[in-house]
Amino acid sequence: GFETRLFEQMGVARPRLWHRANRGVRRVWAAAVATGALGLGLGLGLGLGGSPATVAKPAPIMANLTADHIVKGEVYLAPGHPGWLFMSVHGVHASGIVTCHVRVRGGRSLTVGSFSLSAGSGSWLYQLPVPASQVQAAWVVSGGGKVLASATLV
């Protein structure tokens, strides 16, 4: 599907076992995706004439998605331009297509795409239209317009 094509474009292999119900695997995978995207960005920087002394190494940013003070997933941002956003949702009371939104510096909100939840769980990877450092918040919205969970990434 969509996420597989994105992983392939990033040069990141999808793990053999992709169990939505296993949060530990999702967290490890999300960290690997963020690290891989960071490595890809650094590799491109070095390949374009940079050197280890001149390439900044920003850390991936992670925040919990919450609803009513209960963790409902995670958001990871891999720094750079383009930046990458990985969102993992679990335990929400929704299925079907949901939409991801982000707020960037200056207060502007962007709809960055949609993905599918099955039994309240799903995950998604997206190449951001802005540098990851510009993203201040992210949230996921049901098809009916209800905010299911949100995260602050400042």
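W124 CH2 to L117 CG: the interatomic distance, rounded to the nearest 0.5 Å, is 12.0 Å. Expressed to the nearest 0.5 Å, how far CD of Q134 lies from CZ of R105 amounts to 5.0 Å. Between the CG atom of L148 and the NE2 atom of H93 there is a distance of 10.0 Å, given to the nearest 0.5 Å. Taken to the nearest 0.5 Å, the CD atom of E74 stands 5.0 Å off from the OG atom of S88.
Minimum heavy-atom separation, M87 to A138: CE-CB, 4.2 Å. Closest approach of A149 and K72 over heavy atoms only: CB-CB, 4.0 Å. Here the closest non-hydrogen pair linking V75 and A151 is CG2-CB, 4.1 Å. The minimum heavy-atom distance linking H101 with V141 is given by the pair CD2-CG2, 3.4 Å. What you find for S95 and A119 is that their closest heavy atoms are OG-N, 3.1 Å. The two residues L85 and C100 have their closest heavy-atom pair at CD2-SG, 4.2 Å.
V71 places none of its side-chain heavy atoms less than 4.5 Å from the side chain of L65. Between P60 and L77, the closest side-chain pair of non-hydrogen atoms is not below 4.5 Å. Under the 4.5 Å side-chain criterion, counting only non-hydrogen atoms from C-beta, V130 is in contact with R108. At a threshold of 4.5 Å between non-hydrogen side-chain atoms, the residues S114 and I97 count as touching. Put simply, the side chain of S109 reaches to within 4.5 Å of the side chain of W139, judged on heavy atoms.
Ring centers of F86 and W84: at least 6.0 Å apart, outside the cut-off.
Remark: the backbone N or O of I70 is not paired with any side-chain donor or acceptor of T66 at under 3.5 angstrom.
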> Would V89 and V98 count as a side-chain contact (heavy atoms from CB on, under 4.5 Å) if you check the C-alpha gap in whole Å, the side-chain angles of each, and the deciding distance to 0.1 Å?
Replying inline: CA-CA 10 Å; V89 179; V98 295; over 6 Å; no

